[in-house]
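Take a look at the structure set out below.
Chain naming here is simple, since letters A, B, ... match the order of the sequence lines and numbering starts at 1 in each. Below, all heavy atoms of this structure are taken into account, side chains as well, without hydrogens, waters or symmetry copies.
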Protein chains: 2
Amino acid sequence: MSDVFKALADDTRRILLDQLFDQNGQTLRQLTQTLSMSRQAVSKHLKILEAANLITIHWQGREKLHFINPVPIAEIVHRWVGRFEEARLDMLVDLKTESETKEEKRNAL
Amino acid sequence: MSDVFKALADDTRRILLDQLFDQNGQTLRQLTQTLSMSRQAVSKHLKILEAANLITIHWQGREKLHFINPVPIAEIVHRWVGRFEEARLDMLVDLKTESETKEEKRNAL
DNA sequence: GTTATATGCAACCATATGGTTGCATGTCAA
DNA sequence: TTGACATGCAACCATATGGTTGCATATAAC
């Protein structure tokens, strides 16, 4: 869970996911081409994405194919979105009662 | 956008958001109490959350109150969830056609 | 079989990150 | 006004992170 957030925190790794959303199953070499960094750097990023279960690897001869694995993140992020959604609704109430006291405000959510 | 992901990547900061989901508008001192680290460390984390627009600050005398700001993240994360949802549906197709060729597989998503 | 291609592994490096401590400042309360 | 309390600021430190390069290995192509 922590791994997923950490994996998503890096710009390069989000770009890599973008790449795979665009065309799934690309090789390391392919994914490297659009980025301005070494193959090894990209490989490290992909390893982190794999460890976070955001992508899966399929070997085909000497080529390493990368596929998006959307299952685990969906639930996790959903949980967080859900909580922020609730908070958003409650915030509307918050705005309406701008003049309330500190104690009341503390208990608003 | 990048800031939001980076802010969420840290365990302590997610705990802090948890704290605020539990009781909104807590002071720095209050938020520090449950964590086993210095007030200054917590203050830094809160600064990062504020910079990412995930919380907002209200000063009340010498006390700094922290409130969750759910608006910006909701949209951003929604975008990502949406894409992963799409990918999840497509992956079902993927699984069904396990025996397809590499080229076909590359174009599956 | 030889050469080119796709990748892994390991050492190394600069900077970012998450924490600390010490001191300064502003506000509340006696 | 004096003291306690809530916070900020700055320097400092250890480790994590994101990148590099050089070399090794396995597969494909000629």
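- Going from atom CG of A/D10 over to atom P of C/dT15 covers 18 Å, rounded to whole Å.
- A salt bridge links B/R14 with B/D11: at least one charged nitrogen is closer than 4.0 Å to a carboxylate oxygen.
- If you take CG of A/L46 and P of C/dT7, they are 10 Å apart, rounded to a whole angstrom.
- Proximity of B/T12 to the phosphate of C/dG19: a side-chain N or O atom is located under 4.0 Å from OP1 or OP2.
- Within the 3.5 Å criterion, the main-chain N or O of B/K6 finds a donor-acceptor partner in the side chain of B/R13.
- Proximity of a side-chain donor or acceptor of B/H66 to a complementary backbone N or O of B/G25 within less than 3.5 Å is not detected.
- Computed from coordinates, the A/D3 CG to D/dA16 P distance equals 14 Å when rounded to whole Å.
- Between the CD atom of B/Q60 and the P atom of D/dC5 there is a distance of 19 Å, rounded to whole Å.
- Protein atom NZ of B/K6 is 14 Å distant from nucleotide atom C1' of D/dA16, rounded to whole Å.
- Residue A/S38 comes nearest to A/T32 through the heavy atom pair C-CG2, 4.2 Å, listed as atom of the first residue, atom of the second, then distance.
- Side chain A/R62 to base C/dT5: a donor-acceptor pair is found below 3.5 Å.
- Distance CD (A/E63) to C1' (C/dA4): 14 Å, rounded to an integer number of Å.
- Closest approach to the B/A41 side chain among C/dT7, C/dG19, D/dT20 is made by C/dG19 (side chain taken as heavy atoms from C-beta onward).
- In this model, the phosphate group of C/dT7 is not approached by any side-chain N or O of A/S43 to a distance below 4.0 Å at OP1 or OP2.
- Taking atom CG of residue B/L35 and atom P of nucleotide C/dG19, one finds them 9 Å apart after rounding to whole Å.
- Contact check, A/K64 against C/dG8: a side-chain N or O comes under 4.0 Å of OP1 or OP2.
- For C/dG18, the base has no donor-acceptor partner in the side chain of B/Q40 [N/O atoms by modelled type, under 3.5 angstrom].
- In this structure, NE2 of A/H45 is placed 14 Å from C1' of D/dA16, rounded to the nearest angstrom.
- OP1 or OP2 of D/dG19 has not a single side-chain nitrogen or oxygen of A/S38 nearer than 4.0 Å.
- Under 3.5 Å, the side chain of A/R29 and the base of C/dT7 form no donor-acceptor pair of N or O atoms.
- A residue-by-residue look at A/I48 and B/R39 shows that B/R39 has its nearest nucleotide of DNA chain D further toward the 5' end.
- Taking 4.0 angstrom as the limit, A/K47 places a side-chain polar atom (N or O) nearer than this to OP1 or OP2 of C/dC9.
- Residue side chain A/R13 does not reach the base of D/dG18 through any donor-acceptor N/O pair under 3.5 Å, judged by distance alone.
- Contact annotation: A/K44 does not reach the phosphate of D/dT20 (side-chain N/O to OP1 or OP2, under 4.0 Å).
- In this structure a side-chain-to-backbone donor-acceptor pair under 3.5 Å is missing from A/Q23 to A/L20.
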